[in-house]
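Comments concern the structure below.
Numbering starts at 1 and runs along the sequence shown. Not measured: the values here are computed from a predicted model. Whatever order the structure lists ligands and atoms in, that order sets their numbers, starting from 1.
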Amino acid sequence: MLKGKHILLGVTGSIAAYKAAVLCRLLRNAGAEVQVVMTATAKQFITPLTMATLSKNPIIVEFFNPENGEWNSHISLGEWADCYVIAPATANTIAKMATGVADNLLLTTYLSARCKTIVAPAMDCDMFAHITTQTNLTTLRNHGVVIADSPAGELASGLTGKGRMAEPEQILDLIAKTLNSEKKKSLQGKHFVVTAGATIEAIDPVRYITNHSTGKMGYAIAKSLAERGAEVTLVTGRTALATPAGVKRVDVLSAADMYRAATEAFATADGAIMCAAVADYTPAKVAEHKIKKSDDDMAIELVRTKDIAAALGAVKGDRLLVGFALESDEGVKSAQSKLKRKNLDFIVLNSLTDKGAGFGVDTNKVTFIDNNGSQSLPLMSKSDVAESIVHKIEQHYAHPTQR
Ligand code: CTP
């Protein structure tokens, strides 16, 4: 449920720190990547070794490594995270967060993180009920922080009341819910053009040249973008697929029609995802009437179509442009040259040689290629591939420095 999500787990000095170990394991099992930042006091309650083993990443406590001077950047931790979860959060840390105190790495990271923060308070019932703590929690809520409910129950002090840390399972659900509602809004105000499906190049009124593209991948991307609040113009070849909710659909037939519709829509767009399988060649002339057969062989003269992705790449400026490539061999190298030639921000490479990938099937296996390198994803459903692509698009806007 959290596949590929980056969760930064902040642990502060509370007896409930042992529950952070359980939360860390649950996050990993849900498919998330986890990094843990601890305060110095948290180390008294749970060892960095435990958290490092469970998160599969080194633990970050200090601003720099005193042994070699290596700097731990709170900025890059904040940029990396899709969600920052501070569990357990002591009254002390909550007070500092509410007032902007930044005297440890966990707090500087909070101040610089652009993602959603979730806080799971953990303290004695009287500390929790104190007007100061409650005021600080209200301040954090007003700042957009999500506060996990503290259930009533037995406390380390021997008292019974509110202040226990929420159970790791509840925090996990809250993280999933928070990231899901974020998903709805993350691309609000942005307009994307998505091209999808195959074009149809007429030979005469009854015959045409086309390809096997069904449009599934492009439709899944349009759906994912719309779910995140983006305005989507789906320029589509003929398909049997239903239009995803909230998407504006423009039906086209030929590569020339698609070129016109896509360039027109791109004039007011923030980006485009070029998923269509556009014919590279079209008949030089479309016969006005059905061509009659004769005893002779025949040849059809084909001429090049315009490359829509390259045309958008030439005018895109700092707008986002994503392309696809379908290769049978030398995939990465040829996709890299396509990336440059068409001025794309990233390219999604499908390999024809991978089982379960390509036309017609519901699964796909892709590699993302951008100027920083390549990242191969496992075989996934086309809707999961679409989610991964849209996640990369979200990151493009959230972390512009990583482009
Ligand atoms: N594309 C386009 N307009 C075209 C041709 C391609 O917008 N006339 C886009 C596709 O939607 C896709 C990318 O360009 O995003 C694919 O590039 P292309 O050069 O056609 O590569 P392939 O079809 O993968 O392979 P080849 O280079 O062998 O033709």
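In terms of polar-atom proximity, defined here as any N/O pair under 3.5 Å, Val322 makes no such contact with ligand 1. At a 3.5 angstrom cut-off on N or O pairs, Ile308 counts as close to ligand 1. Looking at ligand 1, you'll find an N or O of Ala309 within less than 3.5 Å of one of its N or O atoms. Where the criterion is an N or O separation shorter than 3.5 Å, residue side chain and backbone included, Thr195 fails it with respect to ligand 1. Any N or O atom pair closer than 3.5 Å counts here, and Ala276 shares at least one such pair with ligand 1.
Residues Tyr208 and Arg238 form a side-chain contact, since some pair of their non-hydrogen atoms from C-beta on lies under 4.5 Å apart. Side chains of Val146 and Lys177 form no contact here, defined as non-hydrogen atoms less than 4.5 Å apart. Residues Glu167 and Lys19 are in side-chain contact: their nearest non-hydrogen atoms beyond the backbone lie under 4.5 Å apart.
Here Lys248 does not pair with Glu231 in a salt bridge; the nearest charged N to carboxylate O distance is not below 4.0 Å. The pair Asp307-Arg341 fails the salt-bridge criterion, with no side-chain N (NZ, NE, NH1 or NH2) lying under 4.0 Å from an Asp/Glu carboxylate O.
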Donor-acceptor contacts, no H, no angles, side chain residues 84-104, under 3.5 Å, sequence neighbours left out:
from	atom 1	to	atom 2	distance (Å)
Tyr84	OH	Leu106	O	2.8
Thr90	OG1	Thr93	N	3.1
Thr90	OG1	Thr93	OG1	3.3
Lys96	NZ	Asp103	OD1	3.2
Lys96	NZ	Asp103	OD2	3.0
Thr99	OG1	Ala95	O	2.8
Thr99	OG1	Lys96	O	3.4
Asn104	OD1	Leu106	N	3.1
Asn104	OD1	Leu107	N	2.8

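Checking side-chain atoms of His143 against main-chain N and O of Val145 turns up no donor-acceptor pair under 3.5 Å. A donor-acceptor contact shorter than 3.5 Å is absent between the side chain of Asp149 and the backbone of Pro151. Formation of a donor-acceptor pair under 3.5 Å by the Arg319 side chain with backbone atoms of Ala269 is found in this model. Not a single donor-acceptor pair under 3.5 Å links the side chain of Thr199 to the backbone N or O of Leu253.
Compare Thr199, Leu326, Thr305, Asp280 by their heavy atoms: the one nearest to atom 29 (O) of ligand 1 is in Asp280.
Taking 4.0 Å as the cut-off, Ala255 does not count as a neighbour of ligand 1 on heavy-atom distance. Within the 4.0 Å heavy-atom cutoff, Met258 does not count among the residues contacting ligand 1.
Under a 4.0 Å criterion applied to the non-hydrogen atoms of Met274, ligand 1 contributes the atoms 7 (O), 10 (C), 11 (O), 12 (C), 15 (O). Listed by number with element, the atoms of ligand 1 under 4.0 Å from a non-hydrogen atom of Val278 are 2 (C), 3 (N), 4 (C), 5 (C), 8 (N). When each atom of ligand 1 is checked for a heavy atom of Lys306 under 4.0 Å away, the hits are 4 (C), 8 (N). When each atom of ligand 1 is checked for a heavy atom of Gly323 under 4.0 Å away, the hits are 15 (O). Close approach of ligand 1 to Ala325 is summarised as follows: ligand atoms under 4.0 Å from at least one heavy atom of the residue are 24 (O).
Neither the backbone nor the side chain of Ile347 comes within 4.0 Å of ligand 1, counting heavy atoms alone.
For atom 23 (O) of ligand 1, no protein non-hydrogen atom is found at a distance below 4.0 Å.
Atom 17 (O) of ligand 1 has its closest protein heavy atom at Lys342 NZ, 2.9 Å. When only non-hydrogen protein atoms are considered, atom 12 (C) of ligand 1 lies nearest to Phe324 O, 3.1 Å. The protein non-hydrogen atom at the shortest distance from atom 27 (O) of ligand 1 is Lys338 NZ, 3.0 Å.
By the 30° and 60° cut-offs, the orientation of the rings of His6 relative to Trp80 is parallel.
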